[in-house]
Structures are given as structure tokens and as C-alpha cells.
Protein chains: 2
Amino acid sequence: MSETDIPDIVIRRLPLYARELGLLAGEGRDFISSQELGQRLGVTPAQIRKDLSYFGRFGKRGRGYEVVGLRERLRTILGLNGRVKEMVLVGVGRLGRAVLGYAGFRRGGFEVVRVFDSDPRQIGQEVDNHRVADVATLPEYLQRTRVAMGIVAVPAEAAPSVIDMLVSGGVRAILSYAPVTTSVPRGVHLRQIDPVMELESMAYYLEAPFDGYVEDHP
Amino acid sequence: MSETDIPDIVIRRLPLYARELGLLAGEGRDFISSQELGQRLGVTPAQIRKDLSYFGRFGKRGRGYEVVGLRERLRTILGLNGRVKEMVLVGVGRLGRAVLGYAGFRRGGFEVVRVFDSDPRQIGQEVDNHRVADVATLPEYLQRTRVAMGIVAVPAEAAPSVIDMLVSGGVRAILSYAPVTTSVPRGVHLRQIDPVMELESMAYYLEAPFDGYVEDHP
DNA sequence: CACTGTGAACTTATTCACAGCT
DNA sequence: AGCTGTGAATAAGTTCACAGTG
């Protein structure tokens, strides 16, 4: 059972489960059934059980899942129980600074270890305890350190070339905030966060603001 | 053909198409085939054609799609060609301020029209040209203005109650940055942005950092 | 006996493949 | 000739339903 035969959509739900189990642990809860966990997450119990079954048998029949234990298992599966995951950040404009200051990364076990920018006015500045490095030094840095994750917070125009640099440098997981599609080789994982696209798609449901868009159907 | 029989997954791709068409228009491109558009977006041409066919026949056989025209059509379908979409923002901590300062919303035709917080130290302050209002006044404000979209940038603990207030006030599209699952009634659309979850799921692919997670399989 | 784990059934989504236009 | 638009075929994902078990 190699990791690649597990659907990505399943992998993406694991952090959701882990997150909720963390909350449950905080509430002092010992066991939880797929039924109740599903209710809290808006997911069917069968889906949770099926998802977990890709990785093993973690439940106790008649009892459910041990909250802390399952959370640990999931974090181990995700590779999150080793040391902090180091990331580079490219772009320290408004957005990059917000990312750098976001405490959630640190709390989740991710840490920005070096920040880069191409703007001469930024390079050399101190931002949130990081000296901003010239993006020209990024390849050398990646070569040397083998950092495997990167965050892209540069304008759309700059994003493709930045992403190329990251990929060439061996970065295999990239989170991009730039509103542009960029292709990456197989084996490299790129996730985009674009709040505007989320809003745009929700706008569709606000009302039928148009009528007869099918008027030219035969 | 009511809007509700179009799969949500199709609706979510429309902004992606519209975004790319905007870029193409900027490049002065007149027509594009589903083939080439698909290549640029990492989507199959058949998928693009099928998606568009839910709404009408927008292409010219032998030529492809008229770039500006299709973009306008898509934006109209999404309800984005009317006036600016007004939103409330709840939470003006670090994250909320970053959201407020993000120029992409304005560019995309979305505007934060009022900001709220529960922290007495924030209430009354001026943030990015907005006077921060007490979240206690949110219900009254929604009642009066009928603003239909909201952004939630409060800590996880506070998010469920804030989301409830928005829903009660008639907000039907909510973008939440809080790392917590909250259920909303049918008809209300909630999208969550959680960069940590994205990173966590990508971490899985970084390497097989574990071996034998199936050791207790039969 | 209340739950999990899981094949089988079903549903949804994607891709194929080609007729039909321009 | 080169593309779209679309039913039909295929693939992927979800849910059912129930045997098995602590």
C-alpha cells in the first residue's frame, strides 16, 4: 500500500479531522464515534470511517475512536510529528508581512526560516525578526538548506518565476497567495489561496441576478 | 433549468476561467480555444466545454471563445456585473487588518463597508478609513442595510457565534478565516480559508516520514 | 449491543468521441 | 479544417448496509 494510491481528497480531509480532534481533546473528551465527529464536521460517519480505513484500524468497536490517540495517528500519517516544518517565504509586502505575523503557522508546527524579496527597499530590512534577503540568493539558499516548503506572497506577475525558482531549488510543497495559475511538475504540490475567487463563486448563489442566460439554447 | 441543478464544483471553476480570460484580455488576445485555455489552467478542454455548456453556447465552432465576451458572460452568470458587492468584516486584529488592506477585494468588485470587533480597545478606532463598530451593533446594522456578504477574521473560539449573528442578520455568503468548522443552514454559503490545513495536507507528500502505519492491518 | 470496517451499490464528476457548425 | 457542444462511457467519490467484534 504505497502512499500514492490514497486519493488526495482523502489526504486533504485528514487535517480537518485532526483539527477537530484537537478541539475535542481540549474539551477533555476521551472517545468519539464517527457519528458524532461527522456531525461536528458536516461529514457523514461512513466517510470518516472509510477515510481512516485507508491507513489502518484505529477505532474500538462499540466505543468509537480514542480522541488523543487518533489525533496523534493522523498527525503522524501527515508527517507532522517530527520536528517543525521549515518554510521559506517569498514576498514581504502587505500580504507577506501578514503571513509572517500569522501565529497559526507556528502553532501548527510550521516555521518561516527565511524571507526573500526582490524590492531593493525591502532587502536588508528587518521584518518580524527576519532580515529580508535578496530573492536572487534564493536558489543558493535552497541548495544549501534543502528547505522543502515555500510560501509565495508576491504579485501575480512575479509568481510564476518565483515558483519556478522554488521548484528548481527542490521545494516540493508550495502555498501561493498569488491569483494566477502556474503549472508545476508532477511530484511538486502547489495549493493556491485566492479569497477573491471564493467570494466570486459564492456571489453566484446570492440571488439569480440574471434571467435567461439560457435564452439562446435551442 | 434552475440554478440549483448546476453542480457547485462547476460554479467554483467559473472564477478560475474568468480570471484567466482577464489575463488573456490584457495580453490583447481575441479568441481562445478550450484546448489552449485548458492548457493554461491545467484543466481538460472537455471539462471547460462541458462546464460552459451548463449556461449556454458561448463558443464559435472552428474559432473558440471570444475572450472578453466570455469573461463578461461568466461574470454576469456569477452576478458580478452589477454594482460593487458590499461586505461586512468582523475582527480587526492582525488578520482582519490584513484582509481590510488587501487590494484584491476592491479590484475584484468587493468592498468592505463596515468593520466590527468586540474588543473595547478596537471599538471606535480608525482602521484603514473605517471606524470600528461594536459587534453588538452588527445585528441592527445588517437588519438596516441588508448587506449579504461577510468576512470573519476572529479567533476560532469567537467564530461560531459571529457566524450565527451574520446568518441571523441575513448574510448568505460568508468567508471565514477562523480554523473551526461551523454549520450553517441550507441556503447560506460558508467557505473557509485555512492555510495551515493546506500546509498540513501537503506535508503528507513530502516524504514517507513513517513506515508501517498499516502494521496492524490483518 | 453499539460501534467499526468494508465490499457493494450508488451517485457524481470527468473524459471520450463524434456529429454538427462556421 | 478546426473547433464547439453534448450524449455515452468511464472513473472517482460517497453512501449503504451489514458482518464482525471488543
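Residue numbers begin at 1 in each chain, while the letters A, B, ... track the order of the sequences. Just so it is clear, the values below take in all heavy atoms, side chains as well, and ignore hydrogens, waters and symmetry mates.
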Options dC16(D), dT15(C), dG5(C), nucleotide nearest the side-chain atoms of Y65(A): dG5(C)
Counting side-chain heavy atoms from C-beta on, which of dG5(C), dT4(C), dA13(C) comes nearest to P7(B)? dA13(C)
Can you name the closest pair of heavy atoms from G108(A) and R75(A) and give their distance? O-NH2, 3.6 Å
Looking only at heavy atoms, what is the nearest atom pair of R191(B) and M202(A), with distance? CG-SD, 3.5 Å
Contacting residues from residues 20-32 of chain B, given that a heavy atom lies under 4.0 angstrom of DNA chain D: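 Residues of residues 20-32 of chain B that come under 4.0 Å of DNA chain D do not exist, since none gets that close.
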Quiz item: cation-pi between R63(B) and F31(B), 6.0 Å / 45°: yes
Kindly say whether M149(A) contributes a backbone atom to a donor-acceptor pair with the side chain of E86(A) at under 3.5 angstrom?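 The answer is no, because no donor-acceptor pair under 3.5 Å joins these two groups.
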Does the R29(A) side chain pair with the main chain of V67(A), one donor and one acceptor, at a distance under 3.5 Å?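 No, R29(A) side chain to V67(A) backbone: no donor-acceptor pair under 3.5 Å.
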Mind calculating the distance between [atom1] ([X]) and [atom2] ([N]) to the nearest angstrom?
X	N	atom1	atom2	answer
R49(A)	dG5(C)	CZ	P	8 Å
R63(B)	dG2(D)	CZ	P	14 Å
E66(A)	dG22(D)	CD	P	17 Å
E36(B)	dG2(D)	CD	C1'	14 Å
I6(B)	dA13(C)	CD1	C1'	15 Å
D51(B)	dT6(D)	CG	P	13 Å
R13(B)	dT14(C)	CZ	P	4 Å
I48(A)	dT6(C)	CD1	P	16 Å

Answer yes or no: side-chain N or O of R57(A) and base N or O of dG5(C) forming a donor-acceptor pair under 3.5 Å. no
Looking at S34(B), does any N or O in its side chain come under 4.0 Å of the phosphate oxygens OP1/OP2 on dT4(D)?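 Yes, such a contact exists.
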Please determine whether a side-chain nitrogen or oxygen atom of T44(A) lies at a distance below 4.0 Å from atom OP1 or OP2 of dT14(D). no
Using heavy-atom distances to pick each residue's nearest nucleotide on DNA chain D, tell me which of K50(A) and R61(A) is more 5'. K50(A)
5′-ward residue of the pair D8(A)/G62(B) relative to DNA chain D: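 Its nearest nucleotide being more 5', the pick is G62(B).
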Tell me, please, which residues at least two apart from Y17(B) pass ring-ring contact (aromatic ring centres under 6.0 Å, His included). none
Assess the side chains of R114(A) and T145(A): does a donor N or O sit below 3.5 Å from an acceptor N or O? no
